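Here's the structure we're looking at; comments come further down.
Remember, it's a predicted structure, so these values are computed and weren't measured experimentally. Letters A, B, ... mirror the listed sequences (proteins, then strands); counts begin at 1. No hydrogens, no waters, no symmetry mates; every other heavy atom, side chains included, goes into these values.
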Number of protein chains: 2
Amino acid sequence: MSLPHAILTALLERPSSGLDLTRRFDRSIGYFWSATHQQIYRELGRLEAEGHIRALPAEQPARGQKKAYEVLPAGRAELARWTAAAQDPKPHRDAMLLRLRAAAVVGTAGLEADLRRHLELHRRQLAEYEEIEERDFPPGEDSAQARLQHLVLRAGIELETFWTRWLTEALAGLPAAEDRPQEP
Amino acid sequence: MSLPHAILTALLERPSSGLDLTRRFDRSIGYFWSATHQQIYRELGRLEAEGHIRALPAEQPARGQKKAYEVLPAGRAELARWTAAAQDPKPHRDAMLLRLRAAAVVGTAGLEADLRRHLELHRRQLAEYEEIEERDFPPGEDSAQARLQHLVLRAGIELETFWTRWLTEALAGLPAAEDRPQEP
DNA sequence: ACGGGTTGTGCAACTAGTTGCACAATAAGG
DNA sequence: CCTTATTGTGCAACTAGTTGCACAACCCGT
């Protein structure tokens with residue numbers, strides 16, 4: 001039940017069209033709440049029907065077809081309510097950890113390549129986050145808003161740091177092909 | 001597409017009935033792949049239909065009704081295949097990070113209580129993991145199997161450590177009620 | 001022996017997210 | 001101009017996970 005709230009947040013930060021939102025979900029917002037354009041359009045429709053957002057009157061009327069949305073007071077209120085409401089953490093699901101556990105039983109054959117690939121992906125993501133940090137959060141920040149945003153980014157950085165470290169360790173600990181356990 | 005593989009792993013570690021599995025998903029396995037008993041029963045049915053597992057002939061026939069399952073060779077093969085296959089990491093979704101980002105826009109009013117609650121939950125989980133580590137992985141381990149299992153547990157420990165640290169930081173950084181930004 | 005909790009299994013309906021496709025409008029290239 | 005690529009919007013069908021309920025059997029106390 002969080003996609004609508006992710007969209008409300010994004011639209012409050014800046015009114016946008018569906019495609020704009022899609023792009024922003026591919027970068028910043030999507031780092032911790034991903035969504036496809038199909039989901040976004042569907043949800044925009046619902047939010048509009050509920051009176052939480054409305055389409056901005058197009059400046060260049062009907063030209064490019066691009067509809068931009070802005071958040072209405074009801075939408076902001078709903079977002080504030082949701083933010084403050086108690087929510088249980090969703091149960092975790094991590095396929096890689098599951099695969100490692102499976103490998104402990106059926107053997108690690110063939111796993112190494114994908115571990116390396118994931119390591120590389122996490123490294124890249126980490127680099128991207130660090131770039132954003134350098135660009136958008138120079139030392140000596142002030143506003144409460146900036147501090148909160150930085151905090152969220154820090155979470156991303158530290159999580160990716162953890163994964164790169166952990167995957168490196170995992171690769172180091174993988175048995176060499178010769179003495180690999182391979183239960184019958 | 002991982003629940004069946006989680007179940008296969010669990011059943012290889014030890015043949016179990018649906019309820020046994022449910023309990024094991026509430027402890028160890030479920031720490032990184034949670035599932036409800038309804039999901040588990042449904043999936044057991046499918047796995048049996050596909051010939052990946054089979055019901056063990058009951059020792060005390062029909063007594064308590066309890067059906068135990070074991071993995072067939074086809075099931076083990078499928079698990080090995082899945083473990084080795086390349087898989088893209090699933091996009092993240094973390095409601096708490098989203099809420100923080102929303103709070104940067106609509107204000108942090110009411111958030112503190114739930115942050116504290118989450119902190120407490122993560123602390124408890126961390127304590128549980130550390131207990132397991134102490135009990136099941138005394139220093140000087142040997143088998144490749146134990147090393148892999150320990151590695152997975154370490155991931156859990158380090159993730160919970162991160163979250164407790166991060167939430168503590170977040171709470172410390174929260175503006176006091178007086179000077180809280182509260183956009184109109 | 002009977003009423004109430006616990007154990008164990010399962011179906012049905014719903015919700016959220018994913019995948020695959022469609023199609024109009026405009027921009028870009030020959 | 002005419003075609004092709006890109007931009008922008010959206011529907012439909014499917015998959016995975018969640019919630020709510022049902023119900024038989026056994027176990028325990030009175």
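- For B/R101 (side chain) and A/T9 (main-chain N/O), no donor-acceptor pair under 3.5 Å exists by modelled atom type.
- Remark: C1' of D/dA16 and CD of B/Q87 are 15 Å apart, rounded to the nearest angstrom.
- In this structure, B/T108 contributes its side chain and B/L111 its backbone to no donor-acceptor pair below 3.5 Å.
- Taking atom NE2 on B/H92 and atom P on C/dA16, their separation rounds to 22 Å, with Å as the unit.
- Atom pair A/L47:CG and D/dT9:P shows a separation of 15 Å (rounding to whole Å applied).
- For C/dT18, one of the phosphate oxygens OP1 or OP2 lies less than 4.0 angstrom from a side-chain nitrogen or oxygen of A/Q39.
- When each of A/L3 and A/H37 is assigned the nucleotide of DNA chain C with its nearest heavy atom, A/L3 is the one assigned upstream, toward the 5' end.
- For the pair B/L21 CG and C/dG8 P, the interatomic distance rounds to 12 Å; values are reported in whole Å.
- Candidate nucleotides C/dT9, C/dA16, C/dG17 were compared by shortest atom distance to the side chain of A/M1, and C/dA16 ranks first.
- The side-chain contact (heavy atoms from CB on, under 4.5 Å) test with A/L79 singles out one residue from A/L11, A/I7, A/L12, A/V71, and that residue is A/L12.
- Between B/P91 and B/Y41, the residue anchored closer to the 5' end of DNA chain C is B/Y41, taking for each the nucleotide with the nearest heavy atom.
- Between the side chain of A/R42 and the base of C/dT18, at least one donor-acceptor pair of N or O atoms lies under 3.5 Å.
- To the nearest angstrom, C1' of C/dG10 lies 14 Å from CD of B/E48.
- Checked for salt-bridge contact, A/R99 and A/D114 meet the test: a charged N lies under 4.0 Å from a carboxylate O.
- In terms of modelled atom types and a separation under 3.5 Å, the side chain of B/R93 and the main chain of A/S34 share a donor-acceptor contact.
- Distance from the side chain of A/L19 is smallest to D/dG8 among D/dG17, D/dG8, C/dT9.
- Taking only side-chain atoms of A/S17, from C-beta outward, the nucleotide of C/dG17, D/dT18, D/dT9 with the closest atom is D/dT9.
- Residue A/R23 contributes atom CZ, which lies 8 Å from atom C1' of D/dT7 at whole-angstrom precision.
- The interatomic distance linking A/I40 (CD1) with D/dC11 (C1') rounds to 16 Å, in whole Å.
- Judged by distance alone, with hydrogens and angles left aside, A/Q38 brings no side-chain donor or acceptor close enough to the base of C/dG17 to form a pair under 3.5 Å.
- One can place CG of A/D20 at 11 Å from C1' of D/dT7, the figure rounded to the nearest angstrom.
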